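What follows is one structure encoded as structure tokens, with my remarks underneath.
Here the structure is a predicted model, which is why all the values come from computation and not from measurement. Residue numbers count from 1 along this sequence.
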Amino acid sequence: PSSPDQHLLNPFMCGRRVDPTREDDPVWIHAMEYRLACSKMLQRIGPLWRAALILALSEELNTLHLNGDTLEYAIEGDVVDESQVERRRGIIEKHDIFAAALLRLGLLGSWDAKPILDGEAVKNILPQIPKGPTFRTVMDEQAEWMAMHPGAGAEDLTTHLRDFFPNYAN
């Protein structure tokens, strides 16, 4: 049985398997930048993402109403200005597409994801790393790298951290 996130362990694009650590296609890079931005947002709101999405949808629909696009309730047979209906439909569709993208990008539940490398492993990879804010910076870089490289493993992350923070490596 495959998990809902199985496509992230074996990512594909345009019918071919993608190595998330080496892919240089601009479309893939853009998608992963979008994934990173969404990941950062989800880290802040966590499991309340659905409530936040509904609140954003409600706010945008209310803004339409406040800007003079009055909400009309039609009875069967009534004619409603099609542009009003289409604008509302477009707003709802935009939010629906965003929710589907979060699911498709495998980000639901990402707020609970554990880092690939725990603190001890990071200290072994970067033995010269000082404690405090610098250590936090390294852990944040790990989280960003994980968001941009779904399905990649510890070996590739280790290489990245050593390359990114050469002053703390052996």
Side-chain angles (χ1 to χ4, degrees), residues 2-14 16-63 91 93-170:
S2 65
S3 71
D5 296 332
Q6 187 65 35
H7 66 281
L8 292 176
L9 300 177
N10 297 301
F12 281 82
M13 182 179 73
C14 300
R16 66 177 175 82
R17 182 159 179 348
V18 173
D19 179 346
T21 61
R22 289 165 187 76
E23 184 59 53
D24 61 357
D25 185 293
V27 173
W28 176 264
I29 292 168
H30 180 71
M32 293 303 99
E33 288 169 350
Y34 181 73
R35 187 177 194 276
L36 174 61
C38 291
S39 174
K40 287 180 176 182
M41 180 229 11
L42 285 173
Q43 289 302 317
R44 290 192 304 273
I45 58 178
L48 297 175
W49 74 271
R50 284 183 190 92
L53 185 67
I54 296 299
L55 184 61
L57 172 62
S58 299
E59 178 68 22
E60 195 166 349
L61 289 172
N62 187 51
T63 300
I91 290 169
E93 185 176 315
K94 177 177 70 173
H95 286 75
D96 186 46
I97 289 169
F98 180 68
L102 294 178
L103 177 65
R104 192 78 181 119
L105 289 169
L107 290 170
L108 300 185
S110 63
W111 51 88
D112 287 331
K114 302 288 184 228
I116 293 174
L117 303 172
D118 65 14
E120 284 303 313
V122 169
K123 288 179 196 174
N124 289 334
I125 293 164
L126 303 172
Q128 306 301 317
I129 188 171
K131 294 180 182 179
T134 303
F135 193 83
R136 177 79 262 154
T137 300
V138 171
M139 296 304 280
D140 289 346
E141 176 60 26
Q142 174 181 200
E144 287 191 16
W145 186 90
M146 288 171 58
M148 295 275 296
H149 301 87
E155 187 176 320
D156 290 317
L157 175 57
T158 298
T159 300
H160 170 74
L161 290 177
R162 284 185 178 139
D163 292 345
F164 201 82
F165 299 101
N167 295 340
Y168 307 131
N170 285 349

If you round to the nearest 0.5 Å, how far is [atom2] of [Y] from [atom1] of [X]?
{"X": "Leu161", "Y": "Asp156", "atom1": "CG", "atom2": "CG", "value": "11.0 Å"}
{"X": "Leu157", "Y": "Glu141", "atom1": "CG", "atom2": "CD", "value": "9.0 Å"}
{"X": "Arg22", "Y": "Asp24", "atom1": "CZ", "atom2": "CG", "value": "11.5 Å"}
{"X": "Leu55", "Y": "Glu60", "atom1": "CG", "atom2": "CD", "value": "12.0 Å"}
{"X": "Leu126", "Y": "Leu117", "atom1": "CG", "atom2": "CG", "value": "9.0 Å"}
{"X": "Lys114", "Y": "Met146", "atom1": "NZ", "atom2": "CE", "value": "10.5 Å"}

Checking the side chain of [X] only, and the main-chain atoms of [Y] only, is there a donor and an acceptor separated by less than 3.5 Å?
{"X": "Thr158", "Y": "Ala154", "answer": "yes"}
{"X": "Arg35", "Y": "Leu105", "answer": "yes"}
{"X": "Glu33", "Y": "Met148", "answer": "no"}
{"X": "Gln142", "Y": "Ile116", "answer": "yes"}

Give the minimum heavy-atom separation between [X] and [Y], together with the two atoms involved.
{"X": "Trp111", "Y": "Gln43", "answer": "CA-NE2, 3.4 Å"}
{"X": "Pro115", "Y": "Met139", "answer": "CG-CE, 4.3 Å"}
{"X": "Pro150", "Y": "Pro20", "answer": "O-CG, 3.1 Å"}
{"X": "Leu107", "Y": "Ser110", "answer": "O-OG, 2.7 Å"}
{"X": "Gly153", "Y": "Trp145", "answer": "O-CH2, 3.9 Å"}

>> One pair to check against side-chain contact (heavy atoms from CB on, under 4.5 Å): Trp49 and Leu102. What are the steps and the verdict?
In response: CA-CA 10 Å; Trp49 74 271; Leu102 294 178; 3.9 Å; yes
> Relative to the ring of Tyr34, is the ring of Phe98 parallel (under 30°), tilted (30 to 60°) or perpendicular (over 60°)?
Replying inline: perpendicular
> Does Glu144 reach the side chain of Leu36, with side-chain heavy atoms less than 4.5 Å apart?
Replying inline: yes
> Are side-chain heavy atoms of Ile54 and Arg50 found at a separation under 4.5 Å?
Replying inline: no
>> If you apply the rule side-chain contact (heavy atoms from CB on, under 4.5 Å), what do you find for His95 with Ile91, and how did you get there?
In response: CA-CA 6 Å; His95 286 75; Ile91 290 169; 4.0 Å; yes
> Do Met32 and Glu23 pass the side-chain contact (heavy atoms from CB on, under 4.5 Å) test, and can you show the C-alpha distance, the side-chain angles, and the key distance before you say yes or no?
Replying inline: CA-CA 10 Å; Met32 293 303 99; Glu23 184 59 53; over 6 Å; no
> Who passes side-chain contact (heavy atoms from CB on, under 4.5 Å) against Leu48, sequence neighbours left out?
Replying inline: none
> Does the side-chain contact (heavy atoms from CB on, under 4.5 Å) test come out yes or no for Phe165 and Ile125, once each step is laid out?
Replying inline: CA-CA 10 Å; Phe165 299 101; Ile125 293 164; over 6 Å; no
